[in-house]
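Before any comments, here is the structure.
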Amino acid sequence: MRQLLVTGGAGFIGSNFVRHVLAHTDDAITVLDSFTYAASEDALGALDPGRVRVVRGDVTDAGTVDELVARHDAVVHFAAETHNDNSLASPAPFVQTNVIGTFTLLEAVRRHGTRFHHISTDEVFGDLELDDPARFTESTPYNPSSPYSSTKASSDLLVRAWVRSFGIPATISNCSNNYGPWQHVEKFIPRQITNLLSGSRARLYGDGRHVRDWIHADDHSSGVLAVLDRGALGETYLIGADNERSNRDVLALILRSMGRDEDDLDLVADRAGHDRRYAIDATRLREELGWRPRFGDFEAGLADTIDWYRDHEEFWRPAKDATEAAYAAKGQ
Ligand code: NAD
Ligand code: TDX
């Protein structure tokens, strides 16, 4: 039984990973989370207190981080500022949490020799053209576009440097766009679902032809656990489920499932520097670690996610009005 320190464990994917670990291992978990606007106490609410402990603290606080890292066998680092649109409006917290926070954790794992797994994103590679058959692999050069993705790229490079220079026992995973329960209403899929549930309209940026490669958060969690358990130290693994869709197509599925016409949407101002397309080649994770996604059927996963938001208004309603007011102020 390991003692895992999970940073950002009260967020969308971190809390999914905590539930996944409880269900599939004997490990005990300490969540280190500063409970920003993106965290949810309820996402961890019903979990066994004998196996999950929650510490409210910041990953940039070297004292807290050192004391916790010293008492754990492995760190899984999800904590981050994660929304591209917010990073355009206010980049400072992204540099602070994503770069300085990761640096603070790396220094602690260096002192204590602790196993470290760093959670990252496919956005570090920049974007692909719509008609380019290429997909991202572990050796694709970094070329991030936004303040968010450049701070994630920076944090990945710090991890790589700490592996090479100090020999820390670390791995990295870069995953594609996640969907599922407990995702904040600022993000694309929950925003559209909750707009429709609120009697408002769906909002598509630009021409809506931008492509994302969608994966259910449960499949991201199983990929992270596979790398933590069996990944080669010092290596990077891409996590993706071969599910590229244009934003317009995803929105059409949501609109149809919720009884609306496919064209019942507003085209709104585009995101500055908006990446065109992301696509992951997860061959390495599949072949070397035997990982397989469980959610092969995106339509079914999306329908479950719509039902979840319909049944969990208490989760999303408190943040909804302020989130929409911020979008409206930008013409989005
Ligand atoms: P999220 O925004 O839902 O949650 C982030 C969590 O980190 C929150 O609980 C927040 O309180 C916590 N946090 C933020 N700053 C902190 C700090 N300074 N100290 C401690 N805790 C802090 O994010 P998410 O979508 O669950 O993403 C989790 C990780 O996965 C991130 O590293 C992100 O870059 C990565 N990722 C996300 C996606 C996606 O589609 N959402 C895809 C690939 C990778
Ligand atoms: O209202 C919207 N309308 C719209 O067309 C919103 C909020 C978004 N979009 C578009 C922008 C993107 O092309 O939908 C796509 C998805 O947008 P987001 O949910 O903001 O995700 P993205 O910017 O692709 O980044 C996500 O995936 C990679 C996560 O937020 C990141 O944390 C992760 O690293």
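Side chains included, hydrogens not; waters and symmetry mates left out as well; all remaining heavy atoms used. Atoms within each ligand, like the ligands themselves, are counted from 1 in listed order.
- Proximity of Leu253 to Glu262: side-chain heavy atoms (C-beta onward) are nowhere separated by under 4.5 Å.
- Asp42 and Ser40 share no side-chain donor-acceptor pair at under 3.5 Å.
- Ligand 2 lies within reach of Glu186, whose nearest heavy atom is under 4.0 Å from it.
- In terms of polar-atom proximity, defined here as any N/O pair under 3.5 Å, Thr121 does make such a contact with ligand 2.
- Distance from atom 16 (C) of ligand 2 to its nearest protein heavy atom, with residue and atom name: Phe188 CB, 3.6 Å.
- Proximity of Gln96 to ligand 1, defined as any heavy-atom pair under 4.0 Å, is not found for any part of the residue.
- The protein heavy atom nearest to atom 8 (C) of ligand 1 is Asp33 OD2, 3.6 Å.
- A donor-acceptor contact closer than 3.5 angstrom links the side chains of Trp291 and Ser222.
- The protein atom (non-hydrogen) at minimum distance from atom 33 (C) of ligand 1 is Tyr148 OH, 3.6 Å.
- Among protein heavy atoms, the minimum distance from atom 21 (N) of ligand 1 is reached at Ser34 N, 3.2 Å.
- Close contacts of ligand 1 with Thr36, meaning ligand atoms under 4.0 Å from a residue heavy atom, involve 10 (C), 11 (O), 14 (C), 15 (N).
- Contact atoms of ligand 1 toward Gly57: 19 (N), 20 (C) (distance under 4.0 Å to a heavy atom of the residue).
- Which parts of ligand 2 touch Arg191 is read off a 4.0 Å heavy-atom cut-off, strictly below it: atoms 1 (O), 2 (C).
- The closest non-hydrogen atom to atom 28 (C) of ligand 1, taken over Phe94, Trp182, Phe78, comes from Phe78.
- Ion pair Arg2/Asp73 not flagged as a salt bridge, since none of the NZ, NE, NH1 or NH2 atoms sits closer than 4.0 Å to an Asp/Glu carboxylate oxygen.
- Of all the listed residues (Asp122, Ile13, Val124), Ile13 holds the heavy atom that lies closest to atom 38 (C) of ligand 1.
- Of all protein heavy atoms, the one lying nearest to atom 3 (N) of ligand 2 is Arg203 O, 2.9 Å.
- Residue contacts with ligand 2, taken as heavy atom pairs separated by less than 4.0 Å, involve Glu123 solely via side-chain atoms from C-beta onward.
- In summary, the atoms of ligand 2 found under 4.0 Å from a heavy atom of His83, numbered by their order in the structure, are 20 (O).
- Scanning the protein for heavy atoms near atom 43 (C) of ligand 1, the closest one is Cys175 O, 3.3 Å.
- Atoms of ligand 1 found under 4.0 Å from any heavy atom of Asn177 (numbered from 1 in listed order, with element): 40 (O).
- Of the listed residues (Arg209, Lys187, Glu324), the one carrying the non-hydrogen atom nearest atom 30 (O) of ligand 2 is Lys187.
- Checked by distance only, ligand 2 and Leu204 stay at 3.5 Å or farther apart across all their nitrogen or oxygen atoms.
- The N/O atoms of Asn177, backbone and side chain alike, include one that comes under 3.5 Å of an N/O atom in ligand 2.
- Counting only N and O atoms by type, the side chains of Glu186 and Asn86 include a donor and acceptor under 3.5 Å apart.
- Within the structure, the closest approach of Gln192 to ligand 2 falls below 4.0 Å when heavy atoms are considered.
- The side-chain heavy atoms of Arg209 and Leu130, taken from C-beta on, include a pair separated by under 4.5 Å.
- In terms of polar-atom proximity, defined here as any N/O pair under 3.5 Å, Asn247 does make such a contact with ligand 2.
- Arg51 contributes no side-chain N or O that, together with a main-chain N or O of Pro49, makes up a donor-acceptor pair within less than 3.5 Å.
- At a cut-off of 3.5 Å, with distance as the only test, a side-chain donor of Glu123 or Asn84 sits close to an acceptor on the other residue.
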| Can you list the steps and then say if Leu197 with Met258 is a side chain to side chain contact (heavy atoms under 4.5 Å, CB included)? | CA-CA 9 Å; Leu197 290 174; Met258 297 182 74; 3.6 Å; yes
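- Under the 4.5 Å side-chain heavy-atom criterion for Ile, Leu, Val, Met, Phe, Trp and Tyr, Val211 and Ile254 are members of distinct hydrophobic clusters.
- Considering Arg212, Glu81, His184, Arg271 only, the shortest heavy-atom separation from atom 18 (P) of ligand 2 involves Arg271.
- Nearest to atom 11 (C) of ligand 2 by heavy-atom distance, out of His210, His274, Arg277, is His274.
- Atoms of ligand 1 lying under 4.0 Å from at least one heavy atom of Ala38, given by number and element, are 2 (O).
- Only the side chain of Asn84 comes within 4.0 Å of ligand 2, counting heavy atoms alone; its backbone N, CA, C and O stay farther away.
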